[in-house]
Amino acid sequence: MTPGYRIEIVIEEPMARELARTLKTLRVPGYTVIPRAHGSGDRGIRRGDELAGDSSNCIFLIVCDDRALVEKVTEAVKPLISRSGGMCLVSECQSLTH
Amino acid sequence: MTPGYRIEIVIEEPMARELARTLKTLRVPGYTVIPRAHGSGDRGIRRGDELAGDSSNCIFLIVCDDRALVEKVTEAVKPLISRSGGMCLVSECQSLTH
Amino acid sequence: MTPGYRIEIVIEEPMARELARTLKTLRVPGYTVIPRAHGSGDRGIRRGDELAGDSSNCIFLIVCDDRALVEKVTEAVKPLISRSGGMCLVSECQSLTH
Amino acid sequence: MTEAFLANLSSPPLLFFFLGMAAVFVRSDLDIPGQIARFLSLYLLFAIGFKGGVALAEAPLGIEVFLTLGAAVLLSAAVPVYSFFVLRSRLGVADAAAVAATYGSISAVTFITATSYLDAQEVTWSGYLVAAMALMESPAIIVGMLLYNRFRETHGGEERQLRWGPLLHEACLNGSVFLIVGSMIIGYLTGPDGMEQVYPVVSAPFLGVLCLFLLDMGIVAARRLRDLGDSDGSGKLPLGFMGTAALVFPLINAAAALGFGVLLDLDEGNLVLLTVLGASASYIAVPAALRLALPQASPSIYLPMSLAITFPFNILLGIPLYHELAKWLT
Amino acid sequence: MTEAFLANLSSPPLLFFFLGMAAVFVRSDLDIPGQIARFLSLYLLFAIGFKGGVALAEAPLGIEVFLTLGAAVLLSAAVPVYSFFVLRSRLGVADAAAVAATYGSISAVTFITATSYLDAQEVTWSGYLVAAMALMESPAIIVGMLLYNRFRETHGGEERQLRWGPLLHEACLNGSVFLIVGSMIIGYLTGPDGMEQVYPVVSAPFLGVLCLFLLDMGIVAARRLRDLGDSDGSGKLPLGFMGTAALVFPLINAAAALGFGVLLDLDEGNLVLLTVLGASASYIAVPAALRLALPQASPSIYLPMSLAITFPFNILLGIPLYHELAKWLT
Amino acid sequence: MTEAFLANLSSPPLLFFFLGMAAVFVRSDLDIPGQIARFLSLYLLFAIGFKGGVALAEAPLGIEVFLTLGAAVLLSAAVPVYSFFVLRSRLGVADAAAVAATYGSISAVTFITATSYLDAQEVTWSGYLVAAMALMESPAIIVGMLLYNRFRETHGGEERQLRWGPLLHEACLNGSVFLIVGSMIIGYLTGPDGMEQVYPVVSAPFLGVLCLFLLDMGIVAARRLRDLGDSDGSGKLPLGFMGTAALVFPLINAAAALGFGVLLDLDEGNLVLLTVLGASASYIAVPAALRLALPQASPSIYLPMSLAITFPFNILLGIPLYHELAKWLT
Ligand SMILES: Nc1ncnc2c1ncn2[C@@H]1O[C@H](COP(=O)(O)O)[C@@H](O)[C@H]1O
Ligand SMILES: Nc1ncnc2c1ncn2[C@@H]1O[C@H](COP(=O)(O)O)[C@@H](O)[C@H]1O
Ligand SMILES: Nc1ncnc2c1ncn2[C@@H]1O[C@H](COP(=O)(O)O)[C@@H](O)[C@H]1O
Ligand code: NA
Ligand code: NA
Ligand code: NA
């Protein structure tokens, strides 16, 4: 187990592709995506029932042990969530990878 | 990034509407729901295969920076999970919203 | 609210049954599973579009207040994720159960 | 008589039910995706409702119809009462009330399987039985809640007050009931013309979809049965009692329904269907309502009883048995 | 004339739409699983595209066809312009551009409902209208973005530069447009032979599937309508303006389309369909594109307008109204 | 001969496969929801199994049948052996064994596409070929594991012991195999009577569903192909070798199967199908089993080979090629 950071990003589903591309550019070691979440926030309810998926959220989970990378990721996410809503959380954890 | 609290609630899916209503009354700033989780606990296995969805769990994620609100939410959740099962977690995090 | 540990395990979906069995043997108090996540890591992209589900991840969330049990779980998970990929995180939280 | 049983057991839907059970017992990973299973179930309710409505529009509504509907409601309200007192011998108030409600209500899939059985045997039946089915979903839930409320222990000065609003809402407006009733009304309004337009969806694929759905039901029922077996050691559940009750209740309730039906002088097909409604137990609508109205009751008691024991019993042996009895009585 | 309205309102697809709305208003928990709803919508696009393609292969392509397609594109590009200036009176630039794009584009489900209405009335229509539908999806998005870009406030030395690549990509290659166009091409290439092979999937179940899909649309639209009502107190949204615009725009645009159609001397059926295309507003393709291209616009303005008001208005009253007008004009 | 290729390439299922690939290459966001795709695949297995079973019930089982089934099993067991040694030249033991197992086994969708090709060409084929398909799924997995176990490096005193239980279980009872075999048995038991009942689900929509499913397969295959392209720079994967092998193996295995078939004196249709079984490679059953039985092997080697290269090759060019050869040889 090594100490690391746990980044969680809630973002609307149509933005997922763009975020995945951004993360690749930043060379994060990996990420996990939970699709089709719904929710509610300043921009009203996202029911997750929309016919083209444009009213769903998804959640990205990124684990890394590099504080500088955390900064880079949150910086990169900021414009995305200020444009179309969402949230970014950072907390600490112990992690075990293969 | 501002420090805040991360509340996670695991509750059975048919209770989701009631919980969402409660959260609205408590004026939480927002929440994200992961539907169709399954699991196992004191009340046996929840397979998530039930035909009417009554054997699934869902997970609510609520982020707020107000300790008093955290208390209110956990108080409100207590009767729900003691009646029909589930769990409520609170941890600390750094959060970024728009 | 009692202090406890929050274990998150990302593992590929076909391994979920085996992990659930293992957790039962270790007598964890309960677990919640988020199915059909996708992601990317050292072993490439897992698109979650695979016809037999063999390219999806799932996420196990286990909460317990016993440090020794946390060790047991991470020990048991280690060979699984070194064989077929994935990740295991541990963090602290306050928990409320019924 | 064995012929009837064999004919039933060798029909495609039943064989797919076995296949689903077999998949679980040999631990194959065969699985129908959850949203598909829910949709197949919605489809069957939609189709049977529509067909029933069209049939109602085609046949004149006689006094027989209203008497039968009345008998159906009565049955659904009376069954939970006697069951409750039987069940109290071994179960707590909440669990007894929940199981009682389950057996008073009906299983739409059992009903649908029975209609396809009758169709295969070329026995006619009337559309108003679909209305009877819809009417029998809710009363049992209400009676169950009344029983619970009357007999539960109250603490201190707590009052025995039911929240009628949410209860009636859950009982009468849950998705399944709403869809059957709605489709029946639409079928009634559009009549044979409407049927002609939607025939390729409502009617032609009905039996094939039933096969796929029973494949899933076999998987689901067998899993519950295995979970019961797994929990055997823990001794928490009164397994013997649950098993016996889940086999005896359908027989008693079938007898009661047969009695009503004979009094009403129903035809062979309709008699079989009323009996099946009496004998069947809910595992979708009632559990969904109980989760909200009576969370104190344990789903690991009422759900396996109706889903893992009574349902397979009814579709495998019950339907041909009720048919033989009905033939003998008409 | 009331007859036409009643015939429309009592067709099975419309009745199922009402049923879906009713489910939400009585707070039933009836729900079509999300992936099923998406698939039903893909199915309808696939089927209408294929049918349109086969029809194109069967009929000679005259000059009429190209003129109609040109008129359709023109309409879809012109509507956003006038709408934008009307909408600017009450909405910000981003929101006005988004609503304008929504109303310039089309709703495939409204079109499909109109074809099934015409089929029921035994009025013929031509396959190339499907091509018109496909062509009308995209131009409105582009015009909307141009308007936004021209009139938005710029800060400092910022340039008014559109990123054309992603914009054209979103506008022309989103899943719905791609599937309609692709299926139409395949239908065209395989012709009646291909149709014979896939008839039991593409054609026979079309109306039944439309019923199930409109059931879901009723649920979805009613939820949006209720959300609007809930947000009433907050006073953030100009509800009165939104409601009026969502009822007036379809009428104006229908009139414009009728005008074009009469000039082109279209037949009754084709005239109705062109009018429906003009009157309808997008709630799938355009919102999906706007999420990426114009995230500054608020979905809680443009989505409820097209989905919760214009869509029900068109399928309930609009289609028979446009039909009456078309009959009167041809 | 070019005619046969063109006829194949212009059939609706193939055109939808192209459409799916095109969607990925132009980066459209067209997508079939995951649970739907899985269900379409289960439907195809269910339908082909049932059809095969009914056909078996109708035709007398001759010695030819058993010889063909034996040849099929032999083929499926022999192919991995030679492939393994070829593959060892460039791949590690685990990866070589995994790819070998993949090519020894079969692809049900390729088989199904071939049957619809033959139906379109009005070439008859026999139901027992479905049984051959089911029998060929598993042996290759077992042989692959035996090869891995024999040739892997062992550390210290570790023994070369296979856990036979889970291996056989995975190989023989995975969901796809179970569903085909089960549906085939049910089709056999219920025969033409059963077919009549479920015809509107099992048979009529088969080709249309195949179109929708191949649309999804086109998307999935093209994504894998693009991922391969993306990983080009990293140089981790022996792309040239993978591509060559994925095109050469089907040809060699087709030749072997043709040989067997000619020896057995099969009819044109059956010969084509046996050849297709030989040439096709698994991308559902075998990968699912390998994930559990051989996690050391990298899915990014064996999956793109069979899914992104061999599968498109077989359905686009392979099937008409094998048909030409079969015609020439019978
Ligand atoms: N305080 C919060 N806690 C959890 N999730 C949130 C919160 N605020 C926003 N979200 C999520 O972010 C999405 C967009 O939020 P917003 O941009 O505020 O509308 C919502 O639909 C929620 O899923
Ligand atoms: N210790 C735990 N860790 C994670 N999830 C739990 C835990 N206990 C219960 N749960 C979740 O809460 C649901 C209801 O729990 P219970 O009321 O204990 O049956 C279970 O199905 C699990 O999804
Ligand atoms: N750093 C990470 N952060 C979040 N998820 C990860 C990370 N690394 C791996 N994963 C997840 O674990 C799965 C398997 O990872 P791997 O074995 O590295 O290919 C991936 O598909 C991701 O879902
Ligand atoms: Na009953
Ligand atoms: Na329009
Ligand atoms: Na092969």
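Proteins come first, then strands; the chains are lettered A, B, ... in the order of their sequence lines, and each starts at number 1. From a predicted model like this one, the values you see are computed outputs, not experimental measurements.
Both the backbone and the side chain of B:Ile81 come within less than 4.5 Å of a heavy atom in chain C. Interface remark: C:Val63 contributes side-chain atoms only to the contact with chain B (heavy atom separation under 4.5 Å). Of the atoms belonging to B:Val90, heavy atoms from both backbone and side chain fall under 4.5 Å from chain C. Looking at B:Ile59, only its side chain comes within 4.5 Å of chain C, counting heavy atoms on both sides.
Atom CG of C:Leu61 and atom CG of B:Leu89 lie 6.5 Å apart (nearest 0.5 Å).
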Using only distance (under 3.5 Å, no hydrogens or angles), which donor-acceptor pairs connect chain B and chain C?
from, atom 1, to, atom 2, distance (Å)
C:Arg6, NE, B:Glu8, OE1, 2.7
C:Arg6, NH2, B:Glu8, OE1, 3.1
C:Arg6, NH2, B:Glu8, OE2, 2.5
C:Tyr31, N, B:Ser40, O, 2.9
C:Tyr31, O, B:Ser40, N, 2.8
C:Val33, N, B:His38, O, 2.8
C:Val33, O, B:His38, N, 2.9
C:Gln94, N, B:Val90, O, 2.8
C:Gln94, O, B:Val90, N, 2.8
C:Leu96, N, B:Cys88, O, 2.7
C:Leu96, O, B:Cys88, N, 2.9
C:His98, NE2, B:Asp42, OD2, 3.1

